[in-house]
Each structure stands twice: as structure tokens, then as C-alpha cells.
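Input: a single structure, listed below in C-alpha cells.
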Amino acid sequence: MLLPAESLTRPPRGIPFVLAGFLIAACSLWFPGAGFAASAVEGAPALSPRNASYRIQATLNPAEKELLGREVIVWRNIQQEATGEFWIHLYWNAWRNNHSTWMREDRLRGRSDRKDDLKPADWSYMEVDSIRLLTAGEEPDQGPGPGEELLGASRFVSPDDGNPEDRTVLVVSLPREVQPGETIRVEITWHARVPRTFARTGYRGEYYFMAQWFPKVGVFEAEGWNCHQFHAATEFFSDYGVYDVKLTLPAGFTVGATGTEQGSPTRVGEMVTHHFRQADVHDFAWVASPTAQVLEADFTSRELPDVAMRLILEPEHAAQAERYFAATRAALHFYGTWYGPYPYDHITIVDPAYGSGAGGMEYPTLFTGGTRLWNPVGGDSPESVTVHEAGHQFWYALVGNNEFEDAWLDEGLNTYSTLRTLDAAYGDRLLVRRYLQPPGSGRRQSGFFPMVFPGVKVDRWLDRVNRYRRSATSDNPSTPTYLYHPGSAGDITYSKTALWLATLERTLGWETMQPIMATYFQRFRFGHPAPDDFMAVAREVSGRDLDWFFDQVYRDDVSFDYAVDSVASFPVTLEGYGEGENGPVLIPEDDAGEEDPDDPSTVYRTEVVVRRLGGGVFPVDLLMVFEDDSTAHDSWDGAARWKLFVEERPAKLAYAVVDPEHKLMLDLNITNNSLLREPSDRLPAIKWSSKWMIWMQDLLWNFAFFS
Amino acid sequence: MRTILDACGDGLTTTARAGKLMAGLLLLNFIVALPAAWALGSSLHDSLKTSRAGEGLRQGFDMGWYGEYQAAATGLEKTFRPTVMGAGAFLDNHEAWASGELWRGFAGLVAVGVLFALTWTFLLGGVLDRFIHPERPFSPARYFASCGRYAFRFYRLAALSIPFYYLVYKFFDWAYGKVDSLTRDVTSESTLIIYSLGAVALTVFLLHLVQISFSYAKIAIVREERSSVVKAAWRGFRFVVAHPWPVLGLALGLGAVSLALLGVYSWLAPGPAQAGWVTVTLAFLAGQVYLGAKVFMKIWLLASQLSLYRQFTPAGNGERLSPEASGQEPLTAP
Ligand SMILES: [Zn+2]
């Protein structure tokens, strides 16, 4: 529902909109009391350092696509060093114009067609109107007070690429240094234009998904401020705190947000204010939909704490509500069992509106799924995205690594966990082809009408190998993620990491892998671990030196490919000269003997050559299967470029397989892992080419239509 | 309604008698597709013959192998995908045909497709001549002679139709773009589907309108021995405009039968699990039977169109008819 424009207070000429907006907000919406960070969750023990807390009041004006905001950031210096600066992300400036770093990188990842779709009204901005360092005891609702105005002492910086036109990082010089352990309160007022969705943020029609929507403080580390520009291929990094947020918007929207709603919404005239609060999180997102309905369900388990699930669902997906709940339950159950319990008692699932671009994204205690009008069961949609984003509550929301620099720590661990969960909860994934692509720039969406091919199973892990293969050597994973090539960053961050984790699991066994993951999770919950932390835990828990492995999969970009290069079986008979009493004796040709397949005493020598075609080294097993169904197992450290395996027994080899248990999930070519001694018949090829031929014959008739 | 049913009945009788023609067409189609299928089969065999992956494809499909195969695929190999099986083959092609993607596919296949279309154009003159004069004794020499007699006119007609088809595809691109901008703020997929299907339906309608007009133009050329293809095309178009309901009704009626056939095939079409020569052959034959049914529908439509044309264009209306075509002689001479 859209509110007529005139019913929302518009500023008279000459008075900034931001001030006028606050005239309506000030009387009832700012909340009393200071020191809220400590009192926000009275009685509940702090789970996190809570050193970056926010009290925000924001008003959305849908008619103008404008957002007015005022926030107080309560920030505590938890480092041993003092700082005289305060770094702030202004994410929405990424879409201020086409010169921003985000837009440059977006072009690099092949989205140069976006400009065809962009209209002038789609751009956004985030303008800071005031930054004040509040003095002790100062109430922020008193209007401009004695706090020092610091806007003049601020400047835009571009620490990552020096782009002078990027305005996503603002550095404020403080009048004095903040000492270790000291807390400051910074009040920021801003106004922003809501983007038409970029990066899962913004509006489509009257549907709003609001993420990265407020000025957000960077992370002050021992080395200084960690506050990156907004990049196209990476996400975010923030400290934990308490978020206390009041959102005012016209009546008629269903609103969902991080945390839980505090009491009923209050209505003043046509405007409604929703109050949300959440402690021990590092971000806050919200959604406003004029059409959505709210459904509720529970996650209950004997071993894990109960969680209330709230689904904000678009009506055309009503039939899929239970699938969203079931997938969320699967994530809470398996991640909770494997790694550790989800600590909040609620979770909000957002089913994004069609075309809103908000699907498949994680925020603390809230995530977006994403489905289509028709989605057949068995095709992993919406299950895959739901498990993945719900899983991010563990890898991202709870273990809060730096997503700008080490995105693999959350995305990779989460992709690995997602695939395990889907395998455990849903079994086989079936091939689905969707017909009739929707219109739109680049036709990126898959078709409207799905068809399942029930006989074709899609191995979720091999599907990842297919994605990893195309970018296998494009970047060294230990490069900071924001420096990956934007076009291939995802393949490495998600797929390669998931595959090497699976390789590690198959090498160490789940009984070792699970404690590694659980230890890492529990040790770094509400913290900011770095890659070395994960690797140290892996070493510690497994009790094994795994550097040889991490050096290859993380600190190098080598690819892996082992292949059986040749196989041969022949009777063990001597030809040429034998040893006689008086020296060499030529063995008569007749005695060399023809091989007699019926003679059980014929012994065959089998020679198998395995090659290492890739740069990566990994210990592999070799399985030889003989024509009498007997088998031989061998192993190899995989270090040399090739190795000969020899076996003598009264049967010829049928085939040999290197890495028969497929432990090395990073192997880029599985087809060459096995070699038959005798080529197989043509049936498989003829079967599939005959199916293709029917397609081709029909294609010809389609051309004949025009004659 | 009566007119349409009569035309359908006539057309069915004519088609049913054209068994040899049908067999010839299916054989031609088969022969043109065979070398490409053979080439693809060899490529698949090379990839599979010494690997255990072949076992996966024997029992069903192996998406892991497929990813590797596609990573190294070129040309024809790139068109191979598991979704070509069963009804997927036909849906694939219908989608490509309606959106114009058909013409943007692998150039080698497009070239073969165009050659096939040109061959079919050549054969069409003989088909129509045969349908118009069933009383004449059939001989291959006579058949090909009549093919030759109309071929050049038919090719000129085809050249004349190109800009019309081009415009229809341009219309589709424009209409789909329009749908995109009109639904820019729409947040319901069902709404978008309705708009998109509207654009597709219009495109499909226009494609058929052009095709049907030119089909009647060919009928006019053969029946009336017209030498000017421009006039014939105009005649075909005027015929469609003058008798919109019978023309449309006929096309829709037979179109509905075709869709029903596709439905039946989708339901019955074998999946990927044939592991022996017998089952593989049976699955292939099932596809051939469906292809045969599609070709039957195509010929049935053509024969019915001819019948319809004759119903509305009897002798003595000022049209110059070929000597044998005077009066409403029965289509099926004894
Ligand atoms: Zn993710």
C-alpha cells in the first residue's frame, strides 16, 4: 500500500528535509535514557564484547525513496592502542554514480550490461548531515547541543584502491584520542536516497529490503582501523553490539527486522513506528513489504534450544512456506548438532518479492531465502538457499570473520556445511531445467517453467567442482578477497573452499573433522577469527601437521589432477636370453608360450602408470580390479610426476582407479581417474547420441517451419 | 465450424494416403541428422571408452563427467546436454524457435538446418502438386519434375518471407523489452508470467500468421499456376484476411492436437535409464514415432489448408486455375 505523498510531512522550501522529518519524529520516537548499551538487554549476560552498539531512529519516505536517520553509536576502544580517528562505512554511496569502486568492479565481473537497465532515479547516496561527539550525560534528543560537531573534520578516503571518487569510507578526526577501554558516543544524522536494488539492497516497486542502510563504524584492530571500501565481490565486517532500532514508515507495510519487535507498533497519523532490538549481533537489516504475510513456526529439538521461526512470505509463495521452515529446521538442527547451538531464541526468514534482488543474503537473526512461483521438489530450490543463508547464522553472524579479507572463512565453511546438510536432509538432487527466460537485462534469471528430469541426479559436490574448475588458478586464495578478480571470486571463495574442506574431511575422517569445526566455532563465536586461527585449530584438534595441505589449497593456486595413464597385463614369461651355466642362453620362441586364458596357472603381470598432471601433490590410493573380480590396493604419496604399479596374479586387469574413494575432491578431472584395459562398447555413446539425434531431427523441422 | 471440420477431414484423408511421402520425409530428416549424431557419438565414445564414467552413462547420466566434457567441448559437442532427452528435446527447440535463439545457435547446425529447410522447400512443390492432382499416376520422375517446376518460385517466396520473419523476431525483442520496462516495479512473478506469455503468444501468433500466409501463397502458386510470387504472397495474405476464422480455427484445432501429442510424449518418453541395446533402440524408436507424429501433423495441416483454400476458391471466380483444377473435384480421386 502506498501512502499519498502529501500525507507525509514534506519540508517547506528552504528547510532541509532532514530537519522537517525530525519534527514529526522527535516528539515520540526518540527514546529516553542514556547508556542503553548496558541496559538494552537487562539481565541477559553479554555473549559478545558489545563494543559497537547502535541506537537508531529512521523514517522511510516511500514516495521520495528517501530515508532520514539519526543514530547514536556507543563505541568502546577494546584495543591496547588509543585512536584519534573514527572510521565509518557509508555503503550506499557505492551506487552514487558509475565512478565508485563498486561499480567499477561490477563491470569487471561482467555486469557492464547493467547500464542498459539503470535509470537516473535508481542511483543512491548516503549524506551525513551532522556528526557530534556527545559529552557525558548529554541527551541526544535535545537537538543540537554542546557536543562537538565533527563533520568539518571528516574526509573520504579510499584505503583499498585510492579511487578519489569513492565515497564509501568516511574518516572523522576526533578532537582527542579515545584511550584503551574508553567509551565514546557519536551521534550521526544523515539522509539517504534508497537505491533501486543493487547488491540485495534497495527497493523494487513498494518492496524494500534495507541493508547497510546506516552509517556504520569500522573495526579498530591492533594494527589500526579496518574499514574497507564497498567492493562488488565482497561483504562486510563489524564489531558486535546491541542494536536498538525504531523504524517509522507509512502504515500498510509488513515489517521484519533483525531481532525481535518490542511491543506493538505505535501509530501517529499515517505513520507507524516499529521498535526492534537485538543484542550481540554485528549488523541490522530490515524489510518492508506491502504484500507479505507473516507465518510462524517452531524449531524444537531434544538436544538444542527452541527457536521461534518467523517467515515473512509473499502470498504467491504460500504453498512453499513449509519448505522454508523445513530447510531452516534442517540448518538449525545439523549446524547446531555438528558445531554448537544457535544462541538466539528467534530467527526471521524473509521470502523476497519477485525481482527484488534481495534473495540469498544473510544478516544476524534474519536472512533472505528466495524461490519462484513454481519450484519442483527435488531440485534444491528453495532448500539450498534457505539452508545456506540460515547456516550463515553460524558462519558469519556468530563467527564474525572479516568478509572483506577472508570471505572464504564464512562462505567456504558455510558452503561445505550447506552441502553436507542438504545431503543429510534431502538426499538426491534432481536435474531441473527451467523454460522461458523472463525478460530483463542480460536475461539472468532462469526460466519461468521448471521441468524435472527425474532420472538425472546432480551430485552437489561435483557441481561445485564444475564451478571451481573454471577459476581454479585465477587467484591465490590467501589474497585478500577484495583483491580477487571480481569475476571469479565466488568460485574460489565458495566452491574451492568447500571442496578442500571436503577433501580434508575425507582424509581425516568426519570423527576428526567435526571436532575441528566445532572447536573453531565455539572458540571464535562472537569474535573475529583470521585464517591462521582456523588452521591452528585444525592442527591442534587433528594432532597432525597440515601445513603441506594448507600451503597448497590456501597459500597457492595449484590445481590437482591425478590420472591413470596406462594399463597393461601380459603373461609372466621370459623372452630373450636366460641365464645358462655358460652364460646367456637364448630361450626358444616356442617356450615363450602363447597365453592360454583357460590355463589357470597362467600368471599375468599387470603394469599401471599413474600420473600427476596437476601442480598439486596429494597422497592417493590405487585400486586395481581384475577380471576374476579380485582386487589390489596400493597407495602413493603422489609427489613424483608419475609412478609405476606392478601386480602379478593369475588374471588380467579389468581396470584401475586412482583415488577410488574420491578423497581428493579438488581433482579437476575425474574421468581420467580410471582406465579400462579393454575399451568399453559404444552403447553409452550411442544411447546418448541417439537421444541427441532426436533433438537434432526436431531442430531440423523447426528450421523447416520457415520454408 | 463445418468448413473447418470438412477441411480437416479432407486433409486427413489426403495425408493418410501419402504414406510414401511421409516415409520419404522421415528418411530424409533421419539421413540429414545422422552424420552429426554419428560425430557426436564418436566424441562421446572417445571421452567414455576407457573410463569408468562410461558405466555411469550406461546406467543413467553422470553430471560430473558432463562438466568435464563440457569444459573441453567445442562446436557440436557444446549442444549436447542431458536435457535433450525425452520431451526436453522438443521443449528446448520450441523455446529456441519462439525466441529466435534458434538462429543464434551453433553455426554448423544452423547451416544444416537451413539446408534442410531449403530441401523441404524444394520437395514441397511436388507434395502440393501431388495433393492437388491425386488422380495422376505417381512416379518419382513426375514427382521431382513438379518439385523442379515450383522450386524457383518457392525459393523466391522464401526470400520474400525473410523480412517478415525478421520483423516478427524484432517485434519479440521489442515486446519482451517492453514487458521488462512495464513490469519494472512488479514484485509478483505471476504478473510477469502473464505479460511475458502475452509477448510470446503474440510472437508465436505472428510467426504462424506469416507462415500460414506464405503457405496459402504456395498453394495458390501450384493450384493456379501463378508465376508472380509477389502476387501469390499477396493472394495468400488476402486469403487469410478474407477468411480469418476458418484459417485460424484450422490452425488452432490442429495446433491443439499437436500439443496433446506432446503431452502424451512427455508422459511416456523414456528417461535416461536404458542399459541395453534393446531398450536403447526402443527409446530411440519412441522418439522417432513422436517425430513421425509431428511430421504427420505438419502434412495434415498443409493438406487441410489446401482443402480450405479450395472450398473458398472454387472454379469460375476469375482466378486462373490450372487446367486440371477446374471445379470442386474430390481431393481423393478413385
Ligand atoms: Zn553465503
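Proteins come first, then strands; the chains are lettered A, B, ... in the order of their sequence lines, and each starts at number 1.
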**Study point:** Pairwise side-chain contact, B/Leu102 with A/Leu699, heavy-atom cut-off 4.5 Å (strictly under)
**Key:** yes

Practice item. Determine yes or no for a side-chain-to-main-chain donor-acceptor pair under 3.5 angstrom, with A/Lys687 supplying the side chain and B/Arg58 the backbone. Key: yes

Review point. Taking the side chain from B/Ser51 and the backbone from A/Thr671, do they hold a donor-acceptor pair closer than 3.5 Å?
Key: yes

Check your understanding: Once you round to the nearest 0.5 Å, how far does CG of B/Asp185 lie from CZ of A/Arg196?
Key -> 5.5 Å

Check your understanding: Would you call B/Tyr66 and A/Leu462 a side-chain contact if the rule is heavy atoms closer than 4.5 Å?
Key -> no

Review point. Where on A/Asn673 is there a heavy atom nearer than 4.5 Å to chain B: the side chain, the backbone, both, or neither?
Key: neither

**Study point:** B/Pro272 backbone acceptor or donor facing A/Lys691 side chain under 3.5 Å
**Key:** no

Study note, to complete from the structure: Those residues at least two apart in sequence (or on a different chain) that pass ring-ring contact (aromatic ring centres under 6.0 Å, His included) with A/Tyr468 are none

Exercise for review: Heavy atoms only, distances under 4.5 angstrom: which of B/Arg81, B/Lys294, B/Met63, B/Gln274 has the most pairs with chain A? Name it, please.
Suggested key: B/Gln274

Practice item. Please say whether more than 12 non-hydrogen atoms of neighbouring residues, nucleotides or ligands are located less than 6.0 Å from OH in A/Tyr435. Key: yes

Review point. Under 6.0 Å from the NZ atom of A/Lys65, do we count more than 12 heavy atoms belonging to anything else shown?
Key: yes

Check your understanding: To the nearest 0.5 Å, what is the distance between CG (A/Asp459) and CH2 (B/Trp65)?
Key -> 15.5 Å

Practice item. List the atom of B/Gly41, the atom of A/Ala685, and the distance in Å for their closest heavy-atom pair. Key: O-CB, 3.4 Å

Check your understanding: Between OH of B/Tyr165 and CZ of A/Phe705, what distance do you get to the nearest 0.5 Å?
Key -> 5.0 Å

Point to revise | Option in B/Leu91, B/Val179, B/Thr183, B/Asp46 with maximal non-hydrogen atom pairs under 4.5 Å from chain A | key: B/Leu91

Exercise for review: Answer yes or no: is there a side-chain heavy-atom contact under 4.5 Å between A/Val456 and B/Met85?
Suggested key: yes

**Study point:** Top of B/Phe116, B/Tyr290, B/Tyr69 for chain A proximity - count of heavy-atom pairs under 4.5 angstrom
**Key:** B/Phe116

Point to revise | Heavy-atom side-chain proximity of B/Asp92 to A/Arg433 below 4.5 angstrom | key: yes

Exercise for review: Please check if the side chain of B/Glu189 supplies one atom and the backbone of A/Leu373 the other of a donor-acceptor pair under 3.5 Å.
Suggested key: yes

Check your understanding: Is there a side-chain contact between A/Leu436 and B/Leu197, using heavy atoms and a 4.5 Å cut-off?
Key -> yes

Check your understanding: Quick one: does B/Val112's side chain get under 4.5 Å of A/Met696's, heavy atoms only?
Key -> yes

Review point. Looking only at heavy atoms, which two atoms of B/Lys298 and A/Ala704 are closest? And how far apart?
Key: NZ-O, 3.8 Å

Check your understanding: Of all of B/Ile162, B/Val200, B/Leu109, which one pairs up most often with chain A through heavy atoms under 4.5 Å apart?
Key -> B/Leu109

Practice item. Check the pair A/Ser690, B/Val280 against side-chain contact (heavy atoms from CB on, under 4.5 Å), reporting the backbone distance first and the verdict last. Key: CA-CA 8 Å; A/Ser690 72; B/Val280 166; 4.3 Å; yes

Point to revise | Residue pair A/Asp698, B/Trp97: steps toward the side-chain contact (heavy atoms from CB on, under 4.5 Å) verdict | key: CA-CA 11 Å; A/Asp698 184 59; B/Trp97 164 80; over 6 Å; no

Practice item. Would you confirm whether the ring centroid of A/Trp688 sits within less than 6.0 angstrom of the ring centroid of B/Phe61? Key: yes

Check your understanding: Non-hydrogen atoms of chain B under 4.5 Å away: do they reach the side chain of A/Ser356, the backbone, both or neither?
Key -> neither

Review point. Is B/Trp277 close to A/Leu683 at the side-chain level, that is, under 4.5 Å between some pair of heavy atoms?
Key: yes

Practice item. Report yes or no: is the cationic atom of A/Arg682 (NZ for Lys, CZ for Arg) under 6.0 Å from the centre of the six-membered ring of B/Trp38, at an angle within 45° of the ring normal? Key: yes

Practice item. Determine the minimum heavy-atom distance between A/Pro439 and B/Leu192, stating which atoms define it. Key: CD-CD2, 4.4 Å

Review point. Can you list the residues that meet the salt bridge (charged side-chain N to carboxylate O under 4.0 Å, His left out) rule with B/Arg156, with sequence neighbours excluded?
Key: none

Exercise for review: Using atom types as modelled and distance alone, determine if a side-chain donor or acceptor of B/Asn93 lies under 3.5 Å from a backbone N or O of A/Trp695.
Suggested key: yes

Practice item. Enter the distance from B/Phe122:CZ to A/Ser707:OG here, rounded to the nearest 0.5 Å. Key: 13.5 Å

Exercise for review: Would you confirm whether B/Glu68, through its side chain, and A/Ile670, through its main-chain N or O, come within 3.5 Å as a donor-acceptor pair?
Suggested key: yes

Exercise for review: Answer with side chain, backbone, both or neither: which region of A/Lys457 has an atom nearer than 4.5 Å to a non-hydrogen atom of chain B?
Suggested key: backbone

Review point. Could you walk me through whether B/Arg184 and A/Asp122 pass the side-chain contact (heavy atoms from CB on, under 4.5 Å) check?
Key: CA-CA 11 Å; B/Arg184 206 165 188 264; A/Asp122 298 349; 2.4 Å; yes

Practice item. Take the angle between the ring planes of B/Tyr169 and A/Phe706 and call it parallel below 30°, perpendicular above 60°, tilted in between. Key: tilted

Review point. Under 4.5 Å between any side-chain heavy atoms of B/Phe90 and A/Ile694, yes or no?
Key: yes

Exercise for review: Using non-hydrogen atoms and a 4.5 Å limit, figure out which bit of A/Glu314 sits close to chain B: side chain, backbone, both or neither.
Suggested key: neither

Review point. Say you draw a straight line from CG of A/Leu675 to NZ of B/Lys49; how long is it, rounded to the nearest 0.5 Å?
Key: 11.0 Å

**Study point:** Region of A/Val458 in contact with chain B, defined by heavy-atom distances below 4.5 Å
**Key:** both

**Study point:** Best-contacting candidate, B/Leu48, B/Val110, B/Thr281, against chain A by heavy atom pairs under 4.5 angstrom
**Key:** B/Val110

Study note, to complete from the structure: Note: vs chain A, highest number of non-hydrogen pairs under 4.5 angstrom among B/Ser43, B/Ala283, B/Gly276 is B/Gly276

